[in-house]
Amino acid sequence: MDRNTVRRAVRALREVPVVGPVVRASDRLWWWRTIRRSGLVDAGFYAAQLGWRRMPADLAILHYVGWGFRRGRSINPLFDEVHAGGGLPEVFRVPAMYAYLVSDRPTVQVHPWWDAVAHARASDSPERGALEAVWDRPDTTILLAAGAQERRVTVAALRAEALMAARGWRGHRRSGAAAPGTAERTLVRVIQRRDRGYARKAAQAARFSLSGGAAASIEMVDPDASQWVSAALLVSLHPGLRLRRHGRRARWSDVLRAAAGIGGGTIAVLDPRGDVNDTEVDLLVARAEEGRAAIPVHRHENGTLVGIGAAATPGARRPTRILGDHPYEDASRLGGRVEVPLLTGRSVAMPGEALRAALAATGRSDDLEALSPAIRDLIPFEALIDIAPVLDEPEVAFSSGRPADAASPSRRDDRPAAEELHSRAGFTTVRWGAGRDGSAEPVLRWERPHPTAQRWAIKICSPAGRRGEVWGDTHFAHGLAAALRRRGHEVVIDAFGASRRPTAYLDDVNVVIRGPYRIDPPDTGVNLEWIISHPDEIGREEISRFDRVFAASEPWSASASARWGMPVEPLLECADVDKFHPRSLPRGDDIVFVGTARGIARPSVVAPIAAGIDVKVYGPDWRPFLPASAITAESIPNDELPARYETASVVLNDQWPAMRREGFIAMRPFDVVAVGGRVISEQVHGIEELFDGAVVTYRDAAHLVELLRTDPAELFPGPERLAEIAAVIRRDHSFDARAGVLHERAATARARNSS
C-alpha cells in the first residue's frame, strides 16, 4: 500500500464516529512532537499573543496545535501563520508550522515581508530552510521589503518588534501615526480575519501611500494575530501608513467614520472580500477627483452581479440593485462607465467632504445603499463597469454585529432611471413586483438584436473569479461562447454557484458542461447537457432532466443510450483554435505537464521524475508529491499555453480513471496537437486513431519512462506530417464545429417542445 493510499484512508477515518476523535487526537500529538523537535518554538512570543508574560514551550506548542493556529497565532515571530499557510497543503486543517516542517522548506515563503526563499538560495546551505538558519543566529541581518521600501534588521530586533505588536494585538491597541488631514488622496483598505491574501491587500495600501499627496490606512476587523503582527511590521517600513483595529461587532460605517478624518481630498475604501488592483484603484480615484462617487461593479462569489448601482422605489425599505443577480456579460453592454441613481456595495471612491456629509446624516449602516441617499443631490454617482472583482472571500467582517439602523420607506422613484439602464443592457422592463428582501423587483424581457438571435447560458463547474481561472472548464466555456457568438447569439457564462440564478428565465438555451459536479438545469428554456468528465457519477435520472444529452466519448454514449433507453449523442472535446494554432515557434527539449495534482500522485508526472527524467510541471498542489525543483510554476496563464505546447518536445497527458475507462478524451491533446505539438498519453479508446500519430500512448509507468527515454523523432511523425494533422484537428475538432452541432440540436428541441 503506497503512501497516498494510506493518506486517503487516514483522512476518511477522521470523520468516522468514535474512531475519528482518536485519529484527530493522534494528529495533534504528531504535530506537537514534530514542532517540538524543530527548535523553532518561541514560547515568549506565543505567550504574548495570549496576554501572558511567559509559558513553558511544551504548553505553548500544545495550545498552538489544539487551538491557536486556527486563530492565526504563530509559534515563531519570523513565521506568519496566516501567510505561510496560504501556500502550504491542507490549509486551515493543519498548523502551518507543521506543514512547513514536513514540506520542501527552502521553497516556502514563511513571511510576507522577508523573502525566505531567496535567503535560503543565497545561503551556504540552500537545502536548509531559511527560518532555521536565521533563528539559530539572532545577530543575522535580514531584509524586510514591501513595495519600494526596504529595511535591514537583525533577527533579535525583528523579534522585539513582533513581540511588541503581539502584545498590542492582545491588548486591542491601535498602531500607526495618523496621516495628515490634508492628503489629496486616501486609500482605506479594510481587512478581515481569516483572509490569507491579507498581505497583498496591506501591501497595496503601502504602495498607495508612497505616491505624492497620498495617505493610506489599513483598517483591520477582528484580525488574526499573525495578520496584526505582520501589518505592524509593515507600518515600520511605511511610517506614513496608518493601522487600526476594530472589534468583531464593528459595522462598515463604523470603520468609515474612524477613517474619514484621514484625508481632506478624495477617499477610496475597498471591500475586504475582494481584490481591486492598483490600476483599478487609480481609475476609481481619478473619477472621484472629478467630483463623482465611483464604485466598481462587484460580483457575488458565484460570479453574478451584486448590482451596478441601486434604485429607490416608493414604499420600499431597500433599494433595488440594478442588474442584481445577472451575469456580468449583461453589464458589459453598457460600456466602460455609467451614471446610476444610488450606489451599492462596500467599495467606493468619492470626495472626502461628501463622505463625511453622508456619514453625518446616516446611522449605522452596512453598505452604500444606506449611505448614498444622503448625498445623491450633492454629487453624481457612477459605476465603472470594467472593474468587476469577485467577492470571493467569505463575509466575516460586518456579519455578526448588532442590527444596522432600520431604513425608512423611500419616497423617491428611480424606476425610470433603472428602466433606462435595463434598456441599454438589452432588456425591456415588463413590470415591477415585490422582492424578497423588501425591495421592488423588475421582471425583464430580453430584446433580440435580430430575429434569429438567441440568448445562451453556458453553465460550468468552475468557481468564479481568480480561483476559476486555473480550471480547464472555464477556458472550455470561453471557447464555446466565442463560437456561439460567431453564430449571432448572445452568450453568458455561469460559474457553478450561479447555475440556477434567479435571472435564468431570460435565457433561451442552457448548456450544462458536466464536469466533476452535477448541475441541474433551470425550469425554463431548452436544456442541453454536454458530459466531458466523471461519467461514473452520472445516472439516468440526471440526464432525463435535459432535452438533449451529449458525451465526449463514443463508447460511453452508445452504452449509456442502450442502458437507459435515452439517446446520448457523442460529441468529443475540441480545441480553442482562436488561441491554439501554430506560431512557427522552434521546438525545444522540454517535457511538459500542465495540471493540478488532484490530491493524488499522478503516475504520468511522478513516475518520470522518480526515474530521474526532467519534467517541467505547471500546476498547484504538487508539494506533497514532487520536489520543488520539478515545479516550474503553480500556474501558467492560458494565453501562454499555446506557445508552451508548441515549443515543448513532448506534452504529457493523463485522465481521471473513470474517463480513461469509459473512453473520454480530455481537452489537452486537442489543444497540443492543434498547435503542431506532440503528446504522450495514457491509453484511451480511439485516441491514437483520432490524432493519427501525433499522440503516442503508454501502458503503464515503466512504459512511460521507456518512451520518454526514446528519441521523440522515433516516436512521432516529422514536422510536415504533424502540421497536416494539426490542420485537420483545427478544422474538424474546433469549438465552431461543436457549436454548429449544439445550435442544430437546440433548434430541433425547441421545435419539438413548442409543438
Side-chain angles (χ1 to χ4, degrees), residues 327 329-330 332-333 426 445-461 472-494 498-499 503-515 519-532 543-554 557 560-561 566-581 664-665 667 670-671 674 728-755:
E329 290 87 349
D330 289 343
S332 66
R333 302 185 189 102
R445 181 180 64 246
W446 179 62
E447 296 299 334
R448 303 182 192 282
H450 56 85
T452 60
Q454 298 164 1
R455 181 177 165 95
W456 288 57
I458 302 173
K459 302 179 183 295
I460 55 178
C461 294
D473 300 44
T474 300
H475 304 291
F476 189 101
H478 283 293
L480 179 58
L484 288 167
R485 288 176 185 130
R486 284 192 284 269
R487 301 189 71 89
H489 301 312
E490 296 281 354
V491 186
V492 302
I493 297 173
D494 290 324
S499 60
T503 54
Y505 71 91
L506 295 164
D507 308 324
D508 295 310
V509 183
N510 304 292
V511 184
V512 167
I513 307 300
R514 179 42 154 106
I519 299 175
D520 288 331
D523 300 324
T524 56
V526 172
N527 292 307
L528 311 177
E529 182 176 49
W530 188 357
I531 302 164
I532 64 172
I543 70 169
S544 69
R545 294 170 174 261
F546 293 87
D547 296 296
R548 293 299 295 262
V549 178
F550 309 86
S553 165
E554 293 182 354
S557 297
S561 299
M566 301 178 65
V568 177
E569 183 176 349
L571 192 66
L572 303 185
E573 294 198 44
C574 53
D576 184 352
V577 299
D578 291 341
K579 293 181 179 179
F580 292 90
H581 54 81
F664 282 75
I665 301 173
M667 191 175 180
F670 290 97
D671 289 341
V728 171
I729 293 299
R730 294 196 303 274
R731 182 193 67 206
D732 296 343
H733 299 281
S734 67
F735 275 113
D736 286 284
R738 303 297 187 257
V741 174
L742 295 173
H743 171 87
E744 292 174 6
R745 303 304 186 271
T748 303
R750 184 182 303 103
R752 184 180 65 242
N753 292 347
S754 60
S755 62

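These numbers come from a predicted model, not from an experiment. Side-chain atoms are counted along with the backbone in the values below, which use heavy atoms only and exclude waters and symmetry mates.
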What are the two closest non-hydrogen atoms of [X] and [Y], and how far apart are they?
{"X": "Asp507", "Y": "Thr503", "result": "OD2-O, 4.4 Å"}
{"X": "Ile729", "Y": "Ala674", "result": "CG2-CB, 4.4 Å"}
{"X": "Asp671", "Y": "Ala575", "result": "OD1-CA, 3.4 Å"}
{"X": "Gly515", "Y": "Asp473", "result": "CA-OD2, 4.1 Å"}
{"X": "His489", "Y": "Gln454", "result": "ND1-N, 3.2 Å"}

As an exercise, state the distance from [atom1] of [X] to [atom2] of [Y], rounded to the nearest 0.5 Å.
{"X": "Ile513", "Y": "Asp494", "atom1": "CD1", "atom2": "CG", "answer": "11.5 Å"}
{"X": "Glu490", "Y": "Glu447", "atom1": "CD", "atom2": "CD", "answer": "12.0 Å"}
{"X": "Asp576", "Y": "Arg730", "atom1": "CG", "atom2": "CZ", "answer": "12.5 Å"}
{"X": "Leu528", "Y": "Glu569", "atom1": "CG", "atom2": "CD", "answer": "10.5 Å"}
{"X": "Glu529", "Y": "Ile519", "atom1": "CD", "atom2": "CD1", "answer": "8.5 Å"}
{"X": "Met566", "Y": "Ser561", "atom1": "CE", "atom2": "OG", "answer": "9.5 Å"}

Report yes if the side chains of [X] and [Y] come closer than 4.5 Å at any heavy-atom pair, otherwise no.
{"X": "Phe664", "Y": "Ile532", "value": "no"}
{"X": "Asp732", "Y": "Cys574", "value": "no"}
{"X": "Tyr505", "Y": "Pro522", "value": "no"}
{"X": "Glu329", "Y": "Val491", "value": "no"}
{"X": "Trp456", "Y": "Arg485", "value": "no"}
{"X": "Leu506", "Y": "Arg445", "value": "no"}
{"X": "Leu571", "Y": "Leu742", "value": "yes"}
{"X": "Met667", "Y": "His475", "value": "no"}

Apply side chain to side chain contact (heavy atoms under 4.5 Å, CB included) to Val509 and Arg750, showing your working. CA-CA 9 Å; Val509 183; Arg750 184 182 303 103; 3.3 Å; yes
Do Arg545 and Asn527 pass the side chain to side chain contact (heavy atoms under 4.5 Å, CB included) test, and can you show the C-alpha distance, the side-chain angles, and the key distance before you say yes or no? CA-CA 8 Å; Arg545 294 170 174 261; Asn527 292 307; over 6 Å; no
Are the charged groups of [X] and [Y] less than 4.0 angstrom apart, N to O?
{"X": "Asp330", "Y": "Arg455", "answer": "yes"}
{"X": "Arg486", "Y": "Asp578", "answer": "yes"}
{"X": "Asp508", "Y": "Arg448", "answer": "yes"}

Within the distance-only criterion (no hydrogens, no angle test), does the side chain of Asp736 pair as donor or acceptor with the backbone N or O of Arg731 below 3.5 angstrom? no
Backbone N/O of Arg738 and side chain of His733: donor-acceptor pair under 3.5 Å: no
Begin from the C-alpha positions of Val526 and Arg548 and carry the test side chain to side chain contact (heavy atoms under 4.5 Å, CB included) through to its verdict. CA-CA 9 Å; Val526 172; Arg548 293 299 295 262; over 6 Å; no
Take Leu484 and Ile458 through the test side chain to side chain contact (heavy atoms under 4.5 Å, CB included) and record every step on the way to the result. CA-CA 10 Å; Leu484 288 167; Ile458 302 173; 4.2 Å; yes
In terms of the angle between their ring planes, are Trp530 and Phe476 parallel, tilted or perpendicular, with boundaries placed at 30° and 60°? perpendicular
